[in-house]
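Below is one structure; the comments refer to it alone.
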Amino acid sequence: METAPSTESPFYEPAAGAQLSREDTLETGGVEGPRRERAGALLEVLLCSGVPTQLLIGQVLALGGWSPFTRAGVPQAGPLFALALIDTLVLVALIAALQRARGETMGGLLLGGRLIRREAWFGVVLVPALFLAVGVTVLTLRQLFPWLHNVPANPFEQLMRTPRDAGLFSIVAIVAGGLREEVQRAFLLRRFSTHLGGPTVGLAVVSVAFGAGHIVQGFDAAVATGMLGFVWGLMYLRRGSAVGPIVSHALYNGTQVLQLMLVRSVPL
């Protein structure tokens with residue numbers, strides 16, 4: 001049931017057409033083929049970074065009178081949750097289309113030929129260790145670099161004013177966080193590994209970007225989140241399957257939401 005790693009990457013399964021293109025390039029001594037592949041991969045990475053899709057969807061919602069943020073920059077629960085869920089659908093569909101265009105499959109990208117149940121359990125057992133690591137990291141940062149704790153309270157706490165808000169936030173945290181972000185991470189790592197500098201470069205770039213995307217929660221939280229992204233990315237690169245990271249990320253986010261609900265005393 002396990003797939004043997006390829007010589008190019010531990011998880012990459014090149015499309016036949018793409019392999020032929022590289023061979024033809026080597027025979028002719030040209031460089032245009034690889035350059036086009038790198039340019040195409042870079043464009044795909046930018047499109048699937050989450051920024052273009054979220055900006056577009058956010059503008060559409062705002063034009064419809066349902067802006068995710070007020071003029072003062074205060075997040076609004078309903079529109080923000082809608083943005084996250086719609087962006088999940090759009091981004092996953094975009095990644096599937098780009099995979100198909102290259103002759104690759106979503107199954108090859110996400111499963112890697114490994115047993116789903118085994119990978120899922122691997123993700124489950126990792127969650128306690130992640131909570132411990134994040135807790136130690138945040139406490140250490142606050143002791144050594146107190147200026148990194150520049151946000152006293154998690155800004156997402158204000159989104160859970162009612163049990164309905166808490167329920168919606170749970171769905172978003174699991175679907176848009178656990179599913180969307182890990183599918184996205186797998187895709188970006190695949191493109192970096194095959195066309196944009198290799199898996200090490202990809203893991204570094206994607207992890208830093210993941211942490212920076214959470215900087216609204218504070219510099220210390222951004223560092224800890226970047227560390228989480230590094231662990232989930234490394235899991236994918238080593239095992240070739242996104243199932244473990246998806247399960248681990250979803251459970252981690254779900255537990256965090258439960259903690260926020262208890263902090264804000266939102267009825268369960």
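- Here CZ of Arg239 is found 11.0 Å from CG of Leu234. Values are rounded to the nearest 0.5 Å.
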CA sep, side-chain torsions, deciding dist, call: Ile174, Leu179, side chain to side chain contact (heavy atoms under 4.5 Å, CB included): CA-CA 7 Å; Ile174 292 172; Leu179 178 61; over 6 Å; no
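- Atom CG in Leu94 sits 8.5 Å away from atom CD in Glu44 (nearest 0.5 Å).
- Looking at residues two or more places apart in sequence or on another chain, you find no ring-ring contact (aromatic ring centres under 6.0 Å, His included) involving Phe219.
- No donor-acceptor distance shorter than 3.5 angstrom exists from the side chain of Ser207 to the backbone of Ala204, with no hydrogens or angles considered.
- Using a 4.5 Å heavy-atom cutoff, the side chains of His149 and Leu141 are not in contact.
- In this structure, the side chains of Val175 and Arg180 stay at 4.5 Å or more apart for every pair of heavy atoms.
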How far apart are the C-alpha atoms of Thr200 and Phe192, what are their side-chain angles, what is the distance that settles it, and do they pass the side chain to side chain contact (heavy atoms under 4.5 Å, CB included) test? CA-CA 9 Å; Thr200 301; Phe192 271 101; over 6 Å; no
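- For the atom pair OG (Ser49) and CD (Gln54), the distance works out to 8.5 Å, reported to the nearest 0.5 Å.
- A donor-acceptor pair under 3.5 Å is formed between the side chain of Thr225 and the backbone N or O of Ala221.
- At least one side-chain heavy atom of Leu203 sits less than 4.5 Å from a side-chain heavy atom of Leu237.
- When side chains are defined from C-beta on, Leu91 counts as touching Cys48, because their heavy atoms get closer than 4.5 Å.
- Between Leu80 atom CG and Trp66 atom CH2 the span is 10.0 Å, to the nearest 0.5 Å.
- Looking at heavy atoms from C-beta onward, Asp220 lies in side-chain contact with Arg142 at the 4.5 angstrom threshold.
- By the 6.0 Å contact criterion, CZ on Arg100 is open, its count of non-hydrogen atoms from other residues, nucleotides or ligands being 12 or less.
- Taking OG1 of Thr137 as the reference point, atom CG of Leu228 lies at 8.5 Å (rounded to 0.5 Å).
- Under the 4.5 Å side-chain criterion, counting only non-hydrogen atoms from C-beta, Met106 is in contact with Leu109.
- Hydrophobic clustering of Ile, Leu, Val, Met, Phe, Trp and Tyr side chains at less than 4.5 Å, counting indirect connections, keeps Met227 apart from Val206.
- Listed by chain and number, the residues in a side chain to side chain contact (heavy atoms under 4.5 Å, CB included) with Leu43 are Leu47 (sequence neighbours excluded).
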Does the pair Leu110 and Val243 meet the rule for a side chain to side chain contact (heavy atoms under 4.5 Å, CB included), with working shown? CA-CA 7 Å; Leu110 301 178; Val243 174; over 6 Å; no
Derivation and outcome, side chain to side chain contact (heavy atoms under 4.5 Å, CB included), residues Leu196 and Val201: CA-CA 8 Å; Leu196 298 172; Val201 173; over 6 Å; no
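- Note: Trp232 and Tyr252 have perpendicular aromatic rings, judged against thresholds of 30 and 60 degrees for the angle between ring planes.
- Residues Glu104 and Arg191 are paired through a salt bridge, judged by an N-O separation under 4.0 Å between the basic side chain and the carboxylate.
- Side chains of Leu126 and Met235 form a contact here, defined as non-hydrogen atoms less than 4.5 Å apart.
- The structure places CD of Gln184 at 9.0 Å from CD of Glu182, a figure rounded to the nearest 0.5 Å.
- Annotation: cation-pi geometry satisfied between Arg185 and Phe210 (NZ/CZ under 6.0 angstrom from ring centroid, within 45° of ring axis).
- Residues Val247 and Val231 share a single hydrophobic cluster, defined by chaining ILVMFWY side chains whose heavy atoms lie under 4.5 Å apart.
- The side-chain heavy atoms of Val257 and Asn253, taken from C-beta on, include no pair separated by under 4.5 Å.
- Residue Leu55 places its CG atom among more than 12 non-hydrogen atoms of other residues, nucleotides or ligands, all under 6.0 Å distant.
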